Asker: 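Provided herewith is a single structure, encoded as structure tokens, for subsequent inquiry.
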Amino acid sequence: MSDPAFRRMSVEEYLRTEPHSPVKREDVNGFVYPLHGQAGVSDAHDSIVVNVLLAVGPLARRVGCRAYTADMRMRSADGQSYFSPDTTVTCTPREDGV
């Protein structure tokens, strides 16, 4: 059986369907892409991500910023795309004020 034909997806539909998706996905201007395929990430890849976070995290905190893992979804400035980068550092105030 073949996969259904690819189609564009609205931001609202992406956000509504993402929690139920069997794979983590990113939305790039209406085109939704699976991350890492079915196999997931490699040991080497994960080790690199951990090392980057261990190096960058303390530096970010020292200047009032925060480092996040891929579990934190990031929204583009125009609000039309959502990404789950391996690591992210942000210095913007948190939405919850903490």
Side-chain angles (χ1 to χ4, degrees):
M1 178 179 224
S2 63
D3 292 329
F6 182 79
R7 64 182 178 81
R8 289 182 63 92
M9 187 180 288
S10 71
V11 169
E12 293 78 16
E13 184 177 7
Y14 165 73
L15 292 173
R16 185 181 73 251
T17 60
E18 181 62 11
H20 309 292
S21 174
V23 296
K24 187 179 275 190
R25 307 173 301 170
E26 290 184 333
D27 176 357
V28 182
N29 293 320
F31 292 95
V32 178
Y33 301 93
L35 296 179
H36 309 306
Q38 297 297 330
V41 297
S42 69
D43 180 74
H45 178 264
D46 196 53
S47 293
I48 291 167
V49 171
V50 168
N51 288 334
V52 168
L53 282 171
L54 288 171
V56 173
L59 299 172
R61 280 192 305 276
R62 200 172 307 143
V63 296
C65 301
R66 295 167 312 286
Y68 292 104
T69 67
D71 291 330
M72 180 62 71
R73 183 174 35 235
M74 297 292 155
R75 182 180 62 224
S76 63
D78 66 5
Q80 296 303 304
S81 298
Y82 287 82
F83 304 96
S84 296
D86 291 326
T87 61
T88 302
V89 173
T90 182
C91 299
T92 59
R94 288 176 50 161
E95 290 180 8
D96 61 7
V98 176

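Please read all numbers here as calculations on a predicted model, not as lab measurements.
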Asker: Any donor-acceptor pair under 3.5 Å linking the side chain of Gln80 with the backbone of Gly30?
Answerer: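 Between the backbone of Gly30 and the side chain of Gln80 there is no qualifying donor-acceptor contact (under 3.5 Å).
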Asker: Taking the side chain as every heavy atom from C-beta outward, state whether Leu53 and Thr69 have any atom pair closer than 4.5 Å.
Answerer: yes
Asker: Does Lys24 come within less than 4.0 Å of Asp71, counting only side-chain N to carboxylate O?
Answerer: yes
Asker: How many angstroms lie between CZ in Arg66 and SG in Cys91, if you round to the nearest 0.5 Å?
Answerer: 7.5 Å
Asker: I'd like to check His45 versus Asp86 (side-chain heavy atoms, cut-off strictly below 4.5 Å). Are they in contact?
Answerer: yes
Asker: Rounded to the nearest 0.5 Å, what separates atom CG in Asn51 from atom CG in Asp46?
Answerer: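 Here the interatomic distance stands at 9.5 Å.
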Asker: Pro85 and Met72: which non-hydrogen atoms are nearest, and at how many Å?
Answerer: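 Nearest heavy atoms, Pro85 then Met72: CD-O, 4.5 Å.
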Asker: Hey, could you give me each pair passing ring-ring contact (aromatic ring centres under 6.0 Å, His included) that has a residue in residues 75-96? Not counting sequence neighbours.
Answerer: Tyr14-Tyr82
Asker: Restricting to non-hydrogen atoms, name the atom on Val23 and the atom on Ser21 that form the minimum distance, rounded to 0.1 Å.
Answerer: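 Looking at all heavy atoms of both residues, the closest pair is O-OG, 2.6 Å.
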Asker: Might you point out which heavy atoms bring Ala67 and Ala60 nearest each other, and give the distance in Å?
Answerer: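 Where Ala67 meets Ala60 most closely, the heavy atoms are N-CB, 4.5 Å.
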Asker: Going through the distances and angles, do Val56 and Val89 end up as a side-chain contact (heavy atoms from CB on, under 4.5 Å)?
Answerer: CA-CA 8 Å; Val56 173; Val89 173; 3.4 Å; yes
Asker: Measure the shortest side-chain to side-chain distance between Met9 and Arg25 over non-hydrogen atoms and say whether it is less than 4.5 angstrom.
Answerer: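 Counting from C-beta outward, Met9 and Arg25 do come under 4.5 Å.
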Asker: With a 4.5 Å limit on heavy-atom distance, are the side chains of Phe31 and Arg8 in contact?
Answerer: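 Yes, their side chains come closer than 4.5 Å.
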Asker: Kindly indicate, with the supporting measurements, whether the criterion side-chain contact (heavy atoms from CB on, under 4.5 Å) is fulfilled by Val11 and Asp27.
Answerer: CA-CA 8 Å; Val11 169; Asp27 176 357; 4.2 Å; yes
Asker: Quick check for you: to the nearest 0.5 Å, what is the distance between Ser81 atom OG and Arg75 atom CZ?
Answerer: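 Going from OG on Ser81 over to CZ on Arg75, the span is 11.5 Å.
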Asker: Does the side chain of Leu15 come within less than 4.5 Å of Arg73's, by heavy atoms?
Answerer: yes
